[in-house]
Amino acid sequence: MSLVIYNTLSREKEPFLPLDPAHVRLYVCGPTVYDYVHIGNARPVVAFDVLYRLLKRRYGRVTYVRNITDIDDRIIVRAADNKETIEALTTRTGDAYQSDMRRLGALPPDHEPRATGFVGQMIALIERLVGNGHAYAADGHVLFSVPSMPDYGRLSRKPRDELIAGARVEVAPYKKDPADFVLWKPSTEAQPGWESPWGRGRPGWHIECSAMSGSLLGETFDIHAGGLDLIFPHHENEIAQSRSAFGTATMATYWMHNGFLNISGEKMSKSLGNFFTVHELLDQYPGEAIRLLLLSAQYRQPLDFTHEGLTQAKATLDRWYGVLRGKESSPSADVPSGVEDALSDDLNTPLAIAAIHQLGEPAALRAGGNALGLLQQDAEAWFRWSPAGTSGPTDTEIEAAIAARQAARKAKDFKESDRIRDDLKAKGVILEDGSKGTTWKRG
């Protein structure tokens, strides 16, 4: 089945036709690293990791870029609050983000640029926009001239008045038009800054992604993806900058956006006490359980994220790993057709999960799981996972208790055998007797 994806630009499902079948190029907007990322930040990473895996199965070469924003006013404020340097803050939080995404089973992108490494390219892009009349300098700032682009707003499809209101534009006397947005802004001595033709300053948020995608993927590329909240103004402004700088009809052929994530039916908010970081959730649940819950809804649909859902996801993985336990084999060469066809239909992960439930043969089950970035570990390792801070017997102590129980059973001391089993159960360890002996898992 050919790959079909929903293109936000056309508001339709379209067959995926790469610009160059020999080299597919994908860009996904990453986080601003001023703290541990929240679970909502993980949804695009996981969803488009499935896309990346699918593209890699279909095409000989795929270049995947996912950026890290490490210069932003929120970062400046947080670093000052923490009394640490911006570099120290963004290194610590950026490294934690990468570690957390690996624990969710996300493949590393081919390039993971940090914005501060591309300021020179941003300046060059801004100079180009000024030179061709799409931007202007004013009062130490450089702004993009929205009226210079006749079809501005094509992605979001909103009237001009709504676009201005939705952007929460800053009212400033140096703007020629209320919709104009900042490409470069001045920095005080206390703020990070770089020398530029317009004085010492720092880039606006939108220009960062245009510079990084243009540098690493080219003036036009295949797919640009991110959260639904980025359609306007971020992605709309990226399109304006890149097309106006390079004189192209498109920036990316396909635009993909994942839906919002709610916590137990409500918008995630620190004030409501339902704000979860990936870092803290990984202390409570296996990464694959979090990943499975994130994939339980089709990526464009809203997703209700609950602790009950995580418990159910872990139980599902327990069943799948139970099939693999003691029957380890390499995954089959091909992803089962039911799974592959579901993913080819605009990443229909719920249908793919349903297809995996029908697989009983270990190699096929492993292959189907791998297509979703699941079933990535040894089954025994899966069953030995426990939440952080959990007290209980060590693996060695459990194995010793099982050996003692086997000896008691051999001696027909069933009372002692039952005592050992019940003692382990009270400590969160479940024994399962089978034809091939006794296995165990942490409950």
Side-chain angles (χ1 to χ4, degrees), residues 26-57 62-70 88-115 117 212 216 225-227 258 261 276-296 299 303 305 310 313-314 316-317 320-321 324 330-331 343 347 349 353 366-390:
L26 165 68
Y27 186 93
V28 176
C29 285
T32 300
V33 288
Y34 62 95
D35 204 343
Y36 290 126
V37 297
H38 58 71
I39 188 61
N41 296 129
R43 192 178 191 193
V45 173
V46 170
F48 300 122
D49 176 70
V50 173
L51 174 64
Y52 180 41
R53 291 168 185 269
L54 177 59
L55 293 172
K56 285 166 70 70
R57 291 195 297 276
V62 180
T63 299
Y64 173 25
V65 179
R66 188 180 70 222
N67 75 293
I68 290 177
T69 296
D70 60 350
L89 171 63
T90 57
T91 297
R92 174 171 57 79
T93 54
D95 289 351
Y97 161 74
Q98 291 173 320
S99 174
D100 290 345
M101 295 308 104
R102 284 194 298 270
R103 292 174 66 188
L104 292 182
L107 297 173
D110 298 288
H111 301 280
E112 196 162 23
R114 298 192 179 219
M212 287 184 281
L216 296 170
N258 64 275
L261 184 147
F276 300 118
T277 69
V278 177
H279 203 70
E280 64 185 335
L281 285 170
L282 283 166
D283 284 341
Q284 304 170 52
Y285 300 95
E288 285 193 13
I290 298 172
R291 183 183 180 96
L292 178 56
L293 180 54
L294 288 171
L295 295 175
S296 64
Y299 78 96
L303 170 64
F305 194 89
L310 287 167
K314 184 180 183 303
T316 295
L317 287 160
W320 291 349
Y321 273 113
L324 298 176
S330 299
L343 296 180
L347 302 183
T349 52
I353 291 168
R366 181 74 81 171
N370 284 357
L372 292 177
L374 299 168
L375 303 179
Q376 300 290 289
Q377 56 189 291
D378 175 78
E380 292 301 326
W382 168 261
F383 286 115
R384 296 182 183 189
W385 177 90
S386 61
T390 300

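Using cut-offs of 30° and 60° on the angle between ring planes, the pair F383 and Y321 is perpendicular.
Annotation: side chain of L51 is not in contact with side chain of V28 (no heavy-atom distance under 4.5 Å). I290 is not listed as a side-chain neighbour of F276, based on a closest heavy-atom distance of 4.5 Å or more. Y97 places none of its side-chain heavy atoms less than 4.5 Å from the side chain of V278. Looking only at side-chain heavy atoms (C-beta outward), V45 and L104 stay at 4.5 Å or farther from each other. With a 4.5 Å cut-off on side-chain heavy atoms, W385 and Q377 do not count as touching. L372 has its side chain within reach of L343: a pair of non-hydrogen atoms, C-beta onward, lies under 4.5 Å apart. No side-chain heavy atom of L317 sits less than 4.5 Å from a side-chain heavy atom of K314. At least one side-chain heavy atom of L303 sits under 4.5 Å from a side-chain heavy atom of L294.
The pair D95-R102 fails the salt-bridge criterion, with no side-chain N (NZ, NE, NH1 or NH2) lying under 4.0 Å from an Asp/Glu carboxylate O.
S296 places a side-chain N or O within 3.5 Å of a backbone atom of L293 that can act as its donor or acceptor partner. A donor-acceptor pair under 3.5 Å is formed between the side chain of E280 and the backbone N or O of T277. At least one donor-acceptor pair closer than 3.5 Å links the side chain of R103 to the backbone N or O of L282. Side-chain atoms of H111 never come within 3.5 Å of backbone atoms of P113 as a donor-acceptor pair (strictly under, hydrogens ignored). Side chain of E288 to backbone of G105: no donor-acceptor contact under 3.5 angstrom is found.
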Just do the side-chain contact (heavy atoms from CB on, under 4.5 Å) check on K56 and Y64 with the steps written out, would you? CA-CA 10 Å; K56 285 166 70 70; Y64 173 25; over 6 Å; no
Show the numbers, then the answer: is there a side-chain contact (heavy atoms from CB on, under 4.5 Å) between V46 and Y299? CA-CA 9 Å; V46 170; Y299 78 96; over 6 Å; no
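In this structure, CE on M212 lies 4.0 Å from CG on N67, to the nearest 0.5 angstrom. Going from atom CZ of R66 over to atom OH of Y52 covers 10.0 Å, rounded to the nearest 0.5 Å. Here the CG atom belonging to L107 is positioned 13.5 Å from the CE atom belonging to M101, to the nearest 0.5 angstrom. With values rounded to the nearest 0.5 angstrom, L347 atom CG is found 7.5 Å from F48 atom CZ.
T93 is linked by a side chain to side chain donor-acceptor pair (under 3.5 Å) to nothing, counting only residues two or more places apart in sequence or in another chain. Judged as a side-chain contact (heavy atoms from CB on, under 4.5 Å), and not counting sequence neighbours, the contacts of D283 are A388. For D49, the side chain to side chain donor-acceptor pair (under 3.5 Å) partners two or more places apart in sequence, or in a different chain, are R53, R291. Contacts of Y285 classified as ring pair (Phe, Tyr, Trp, His ring centres under 6.0 Å), with partners at least two apart in sequence or in another chain: H307. Considering only residues two or more places apart in sequence or on other chains, T316 meets the side-chain contact (heavy atoms from CB on, under 4.5 Å) condition with L292, R319, W320, H357. Considering only residues two or more places apart in sequence or on other chains, D100 meets the side chain to side chain donor-acceptor pair (under 3.5 Å) condition with H279.
Here the closest heavy-atom approach between residue R114 and residue T90 is recorded as NH1-O, 3.2 Å. Listed here is the closest heavy atom pair of A289 and W382: N-CH2, 4.5 Å. Considering all non-hydrogen atoms of both residues, Q98 and I68 come closest at NE2-CD1, 4.1 Å.
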